[in-house]
Amino acid sequence: MALAIAFYLLAAVTVGAGFGVVSSRNPVHSVLFLILSFFSAAGLFVTMGAEFLAMLLVVVYVGAVAVLFLFVVMMLDVDFAALRQGFARYMPLGGLVAGILAIEMIVVATAVATGGTPKADTPQVYGDVSNIEAIGRVLYTDYVYFFQAAGLVLLVAMIGAIVLTLRHKPGVRRQVIVDQVARTPKTGMRVVQIKPGQGIDQ
Amino acid sequence: MTFSQDLALAAPELILAIGALGLLVVGAFAPRATTALMLASIGALILAAWAAAVGPIGRGFSGGLIADNASAFAKVAIYLASAVAILLGQKWFERKAIRNFEFPILILLAALGMGMMASAGDLISLYMGVELHSLALYVLAAMHREDAKASEAGLKYFVLGALSSGLLLYGASLIYGFAGSTKFDEIAAVVQGGASTGVLFGLVFLICGLAFKVSAAPFHMWTPDVYEGAPTPVVAFFAGAPKLAAMVLFARVLAEGFAGAADQWRQVLVLIALLSIFVGAFAGLAQTNLKRLWAYSSIANVGYAVLGLASGSSEGMQAMLVFMVLYMIDVTGFFACLTALSRNGRPMETIGDMAGLFKERPGIALAMTAFSLSALGLPPFSGFWAKFYVFKAALGVGEPMIVIAAVLGLVGSVVAAFYYLRLIKVMWFDTAPGQTDALPREAQVVAISAALFSFPVVMGALIFLDPAAKAAAAAFGLAS
């Protein structure tokens, strides 16, 4: 009973916040709604017993991605009013496509519901272990190939970002740590006798 | 299967991954040593091709990686094409005073991704391979940063590629949800004797995503813009190896995962094949830029390969493999010609630019003539043999739908003949507007050797290619 209440509450908040993301006029509010929907989705994961995924969602999406969005929205001067201008014009076509897609999904969902549940593997259970331990056990054994490939995908993304954006400007003064460490009072200081009423000419 | 056996199966991937990581470190400390990095990358690719050819056969990493004759065939072709792309591209970038040591490394990583696609046995490794090679290709398209068109090409490719990845993932998640597994062999057990609505829904999305990657109509819109904007040697790479990898992946998904639903996906593939052939033939008529023209030509050619796939037999798979390899050599050679040619430092890219080329550069003009006639499908050039295999397989199935599609495909090929012949006419009979610049040697060598392959070497090469492709097609486990 409590679980059902929690589910409906969290699901309603997720959907409502998702609607808020696309409907609010202020982009900062959109991002804040996005964070709210992430949080409630994390709550949904907890109700399903996937506490590790819930933690990941909060740490990665709320902690990093959404905050990054917030930075981008605040730092870039995007004219959202101009972006919205075509909204009314594209609304009928977009609505039509969305409607067709929704109908198709409903048809498939009902087809499945009437046809019974498909053959599904029973999830592998590793005794009485936590989520993290269960994921950890397969990540570097059964899934090591995919895991390493994912690492390479991220590496390519990093190389790409550097190749496309790094520019070596001439005349940039870089920090040379060896020079800084080698600095002594002799090289860094000079004792000058100043006569009253005169400055130093360097 | 022990872990060391798994690693032995993944030897080509390991060579490329370790090679790329090692060369990245070398490049970070010695960014000026581009020639050494280029040679080392080519060496790594050749080594990986050798490892793929002689390596053990089996399934590794709990079904994620399949090493069989098909993957070996595709990997050898892909790795060698990537090595040629490095040779063409590195020198081109150096002539443009862009000294990026990352270029060969990105090609290595793209080749790694394409190899993963060719030997994927699981929806997850399918997606990882697709994403690894696409990300590298997006960066390669935009690598010439000073060129606004290259940036546009990179951005367009990225946005539309991300959309197609979304379709692919959506389809994969539906298939996983309804079939209960991500492994192709377990999916095959579920869809024996026809797929359920849910699985079919997912399969259609998956086909859409893959059609995007091979640039088959109606998912072709990115191709002309990306080909036009991206650096020419990079296009030489784009147009060949990634398409072969995606086609092999396509074949593997359909043959190993969804053989039971062949009647259902066959209609989709026939539609895609015919649309591609006609879009490629008719839209190509209006083009003046050669890179765009060849983009439409590649759309049409992919249509023929998909037609081979649609026949759903072992012969059809063999036809698709032979077709893609022969086409890859043709298209690499053609873009090598475009890489080589320039007039007053400006690249020659339109049909008008090619006027009178035969009088001035007979070698290159002859090579381009050979590629055009080959793409047109004139015997005895390699393109004829490629199409011959496809039509033979399509007629061999005896399915009326496939036979009609094959006849329509012939019609499309006649329409496309117009633009190939126009290019030849301009090159041979029009008068030249001015002197062309000196030809860079490596592009000339690649172009001439590819032209020699398309005729007459292909006749001898088919003696080896035919049984190799046959063995590769047999690995998909379809009825002949």
Side-chain angles (χ1 to χ4, degrees), chain A residues 48 53 65 83 94 97-98 100-124 126 134-135 137-170 174, chain B residues 3 6 10 13-14 16-17 20-21 24 28 31 60-65 100-103 105-106 109-110 112-113 116 122 124-125 127-140 142-143 145 151 154 158 174 176-182 186 189-190 196-202:
Chain A
M48 287 189 294
L53 279 184
V65 176
L83 277 182
V97 173
I100 292 172
L101 207 61
I103 291 168
E104 283 173 346
M105 306 276 271
I106 292 166
V107 168
V108 172
T110 46
V112 172
T114 51
T117 46
K119 174 194 169 285
D121 284 0
T122 40
Q124 217 167 345
Y126 290 91
I135 291 175
R137 279 188 186 176
V138 293
L139 204 56
Y140 275 100
T141 54
D142 294 354
Y143 289 86
V144 64
Y145 182 59
F146 311 132
F147 191 63
Q148 296 298 326
L152 284 173
V153 171
L154 293 179
L155 176 72
V156 172
M158 201 172 87
I159 297 173
I162 293 172
V163 168
L164 295 180
T165 55
L166 181 68
R167 280 166 205 277
H168 290 289
K169 279 186 203 144
R174 289 177 186 282
Chain B
F3 191 62
D6 283 348
E13 278 80 10
L14 287 176
L16 287 183
L21 294 177
L24 192 62
F61 298 106
S62 55
L65 176 119
N100 269 338
F101 73 88
E102 289 95 343
F103 174 75
I105 292 161
L106 281 170
L109 288 165
L112 171 63
M116 285 182 69
D122 190 302
I124 307 176
S125 47
Y127 179 69
M128 285 300 166
V130 165
E131 211 53 14
L132 185 56
H133 100 281
S134 323
L135 268 179
L137 294 189
Y138 306 148
V139 179
L140 288 173
M143 207 153 177
R145 287 191 308 200
S151 306
F158 174 70
L174 281 173
Y176 175 54
F178 286 108
S181 175
T182 57
E186 289 174 17
V190 176
S196 66
T197 322
V199 175
L200 201 61
F201 206 67

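Letters go in sequence order (proteins before strands), and every chain restarts at 1. Note that this is a predicted model, so its numbers are computed, not measured.
Across every non-hydrogen atom of B/Ala136 and A/Val156, the tightest pair is N-CG1, 3.6 Å. The nearest pair of heavy atoms linking B/Gly64 to A/Phe146 is CA-CZ, 3.8 Å. The two residues A/Leu164 and B/Ala142 come nearest to each other via the heavy atoms CD2-O, 3.5 Å.
Atom CE of A/Met105 has 12 or fewer heavy atoms from other residues, nucleotides or ligands within 6.0 Å. More than 12 heavy atoms of other residues, nucleotides or ligands lie within 6.0 Å of CZ in B/Phe101, so this atom counts as buried by the packing criterion.
B/Leu109 touches chain A through its side chain: at least one heavy atom from C-beta onward sits under 4.5 Å away, while N, CA, C and O do not. Residue A/Val144 touches chain B through its side chain alone, counting heavy-atom pairs closer than 4.5 Å. Neither the backbone nor the side chain of B/Ser196 comes within contact range of chain A; no heavy atoms are under 4.5 Å apart. Of the atoms belonging to A/Leu154, not a single heavy atom falls under 4.5 Å from chain B. Proximity to chain B (any heavy atom under 4.5 Å) is restricted, for A/Ile159, to the side chain, taken from C-beta onward. The contact between B/Leu106 and chain A is made entirely by side chain atoms (from C-beta outward), counting heavy-atom distances below 4.5 Å.
A 4.5 Å side-chain heavy-atom check between A/Tyr145 and B/Asp122 finds every atom pair outside the cut-off.
Top candidate by heavy-atom pairs under 4.5 Å with chain A, chosen from B/His133, B/Arg145, B/Glu131, B/Met128, is B/Arg145. In terms of heavy-atom pairs under 4.5 angstrom with chain A, the leader among B/Leu140, B/Ile105, B/Leu112, B/Leu24 is B/Leu24.
Between the CZ atom of B/Phe3 and the OH atom of A/Tyr140 there is a distance of 11.0 Å, given to the nearest 0.5 Å.
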